[in-house]
Amino acid sequence: MDKIQIYGGNPLSGTIMIGGSKNASLPVMCASLLTDEPLILGNVPHLADITTMANLLSQHGVEVSLEGHDDNEGHIGRVLSLKAKDINNTTAPYDLVRKMRASILVLGPLLARAGKAVVSLPGGCAIGTRPVDLHLNGLRKLGANISVENGYIHASVPKGLSGARIIFPKISVGATENLILASVLAKGTTILQNAAKEPEINDLVNCLNSMGAKIEGIGTPNLTINGVPKLNGTRHAIMPDRIEAGTYAIAAAITGGKINLSGARLNDISSAVDSLRLAGINIQKSANGILVDRSNSELKSINIETEPYPGFPTDLQAQFISLMSAANGTSIVKETIFENRFMHVPELQRMGADITLDGGSAIVRGTKKLTGAPVMASDLRASASLVLAGLIAEGKTTVRRIYHLDRGYERLEEKLASVGAEIIRLKDEM
Ligand code: UD1
């Protein structure tokens, strides 16, 4: 197992290339199950979660191959070809699903294409219970028979899926994606109301429409999907990763540095950008991305609340807490999406951060100094928050269990080292 070692204190400066979005790639890869023609995806990041999804799709019968690399303004993304000529297995086993909750996204397209699926329940995870009721109830509305037995979802739709009106009682990114993936081949029209509006959903909709789907209402909470009998293959470039961009924006901010995030799109993280500006960070569009500069300004404490898009993303909450730990004043960070997403807090406290948890909120009092310490990563974004704190902590910080980081950040230590951080990956002998 690897660990990351950081000596904090260097203001970062230079350019970081932002890769393709993990959270957009995963549902888009599942779209390959809907056609027997090849789906060629560009700008796919090289991450553990992408490999898990590729393995899952392969065992359903998708031929997955690496077609090479595309050069996107200096960022080298991967080009994947996915071809599901035949679906020869409709079971998603526990061993793969437990590694990554997004595996549940094969359920909708398997039902649409093969009329049946058996998918392991993903179970809870470090950030909360994370049920899948919204996915299952939506698919039932489209006509699926669903039961849960021995930890597996058994779903079938002998007469094929039929369009329906689905009003989500709660906004869910994954349930919206699963229902879109299921309904594009359903008979008739499906209307999704109170759907999630995350940019990753737009990426999925754009890809499906270029495969011949008929989806209207992109970027709104109301999607109308007119089912088509067949989809074709296509070429699609995955959008840039807005959470990776936000994380490196915070790296520039916390170290008092200046980084150009090449390939990042300001509009995708506008609410995080608004918050960072209020905290005293200068952020502008640059020729090829976003320029983040705190080389000459004081870091101020501000309050934030996580919300579905376009609100402040929960996937940047942990990183923001690290930032506020180094700010001037007291900040209240309210988490409204996941019930248990503060696993990073006890680890940050070990580095000298002054944080009190109060139900779903963290009260973060800025401190003049964080100190390096051995810390343990608990989930993907929590790991990133520990690295960020390590960048300004006095002395050595060692982050263990970084397999969490490798799920969502490509070559994180190389990217940070290239802008001046003293950071290396080591083999963990523990
Ligand atoms: C996706 C993202 C994840 C991000 C999250 C919220 C991917 C692969 N993951 O996760 O990084 O943190 O959106 O922006 O894109 N819920 C239910 N029932 C359900 C489904 C969800 O109650 O059937 C609840 C969840 O427990 C959570 C909330 O709805 O409290 C939002 O979850 P959801 O948007 O579904 O998150 P994911 O799609 O799992």
Side-chain angles (χ1 to χ4, degrees), residues 20-31 44-45 47-50 52-53 56 97 99-108 119 121-141 146 148 153 155 166-182 192 194-204 221 238-239 241-244 246-247 268-269 271-272 305-320 334-344 360 379-385 404-405 407-409:
S21 161
K22 167 181 88 74
N23 285 355
S25 300
L26 298 171
V28 169
M29 287 170 78
C30 292
V44 180
L47 296 167
D49 274 11
I50 302 296
T52 302
M53 182 56 86
L56 181 63
V97 177
K99 284 191 183 167
M100 184 183 67
R101 292 183 46 84
S103 306
I104 185 83
L105 295 176
V106 299
L107 179 58
V119 177
L121 274 174
C125 71
I127 63 175
T129 49
R130 301 186 77 174
V132 290
D133 56 316
L134 301 172
H135 301 240
L136 303 191
N137 291 340
L139 292 168
R140 284 187 179 111
K141 285 242 164 75
I146 299 183
V148 176
I153 302 159
I166 295 162
I167 307 173
F168 290 110
K170 180 175 184 177
I171 297 176
S172 160
V173 175
T176 301
E177 291 165 344
N178 228 339
L179 268 293
I180 293 172
L181 285 161
L192 302 180
N194 200 28
K197 308 191 287 277
E198 266 67 2
E200 292 78 8
I201 291 182
N202 301 350
D203 212 32
L204 173 66
I238 298 291
M239 65 175 278
D241 196 310
R242 65 194 174 100
I243 305 301
E244 188 192 25
T247 302
D268 291 343
I269 45 167
S271 86
E305 188 169 325
T306 62
E307 283 170 341
Y309 190 83
F312 190 98
T314 173
D315 284 352
L316 287 175
Q317 177 258 100
Q319 301 89 317
F320 198 79
K334 189 169 175 198
E335 172 59 53
T336 72
I337 309 289
F338 293 109
E339 80 250 33
N340 184 28
R341 204 172 197 178
F342 287 122
M343 303 284 278
H344 41 289
D379 70 64
L380 170 55
R381 308 303 171 186
S383 323
S385 78
H404 291 294
L405 264 183
R407 291 186 50 196
Y409 292 93

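In each ligand, atom 1 is the first atom listed, and ligand 1 is the first ligand listed.
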All heavy atoms of P45 vs all of I50, minimum pair found to be O-CG1, 3.5 Å

Select one of side chain, backbone, both or neither to describe which atoms of D315 lie under 4.0 Å from any atom of ligand 1, heavy atoms only.
-> side chain

Could you tell me whether I337 and ligand 1 have an N or O pair separated by under 3.5 Å?
-> yes

Quick check: does V173 get an N/O under 3.5 Å from an N/O on ligand 1?
-> yes

Minimal non-hydrogen separation, V106 against L56, with atom names = CG1-CD2, 3.7 Å

Ligand 1-proximal atoms of I243, by part, heavy-atom distance under 4.0 Å = neither

Determine whether H404 and Y409 make a side-chain contact, defined as any pair of heavy atoms from C-beta on separated by less than 4.5 Å.
-> no

Within-cut-off N or O pair, S172 and ligand 1, under 3.5 Å = yes

If we number the atoms of ligand 1 from 1 as shown, the ones under 4.0 Å from a heavy atom of G174 are 35 (O), 38 (O)

At a 4.0 Å cut-off, with the gap strictly under it, does some heavy atom of R101 reach an atom of ligand 1?
-> no

In ligand 1, which numbered atoms sit nearer than 4.0 Å to a non-hydrogen atom of H135?
-> 23 (O)

If you measure from atom 16 (N) of ligand 1 to every heavy atom of I104, L134, T176, which option wins on shortest distance?
-> L134

Closest approach of S25 to V44 (non-hydrogen atoms, all atoms of both residues) = OG-CG1, 4.3 Å

By number and element, which atoms of ligand 1 are closer than 4.0 Å to a non-hydrogen atom of P131?
-> 17 (C), 18 (N), 19 (C), 20 (C), 21 (C), 22 (O), 23 (O), 26 (O)

If you measure from each heavy atom of A175 to ligand 1, is any distance below 4.0 Å?
-> no

Applying a 4.0 Å heavy-atom criterion (strictly less than), which segment of R341 is in contact with ligand 1: side chain, backbone, both, or neither?
-> side chain

Answer yes or no: is there an ion pair linking R101 with D49, defined by an N-O contact shorter than 4.0 Å?
-> no

D203 side chain to A24 backbone, donor-acceptor under 3.5 Å = no

Are a donor atom and an acceptor atom from the side chains of T314 and E335 found within less than 3.5 Å of each other?
-> yes

T314 neighbourhood, listing ligand 1 atoms whose heavy-atom distance to it stays under 4.0 Å = 6 (C), 12 (O), 14 (O)

Specify the closest pair of heavy atoms between L179 and H135, including all atoms of both residues, with the distance to one decimal.
-> CD2-O, 3.8 Å

Distance-only N or O hit between ligand 1 and L26, under 3.5 Å = no

What pair of heavy atoms forms the shortest contact from T247 to A384, and how long is it?
-> CG2-CB, 4.0 Å

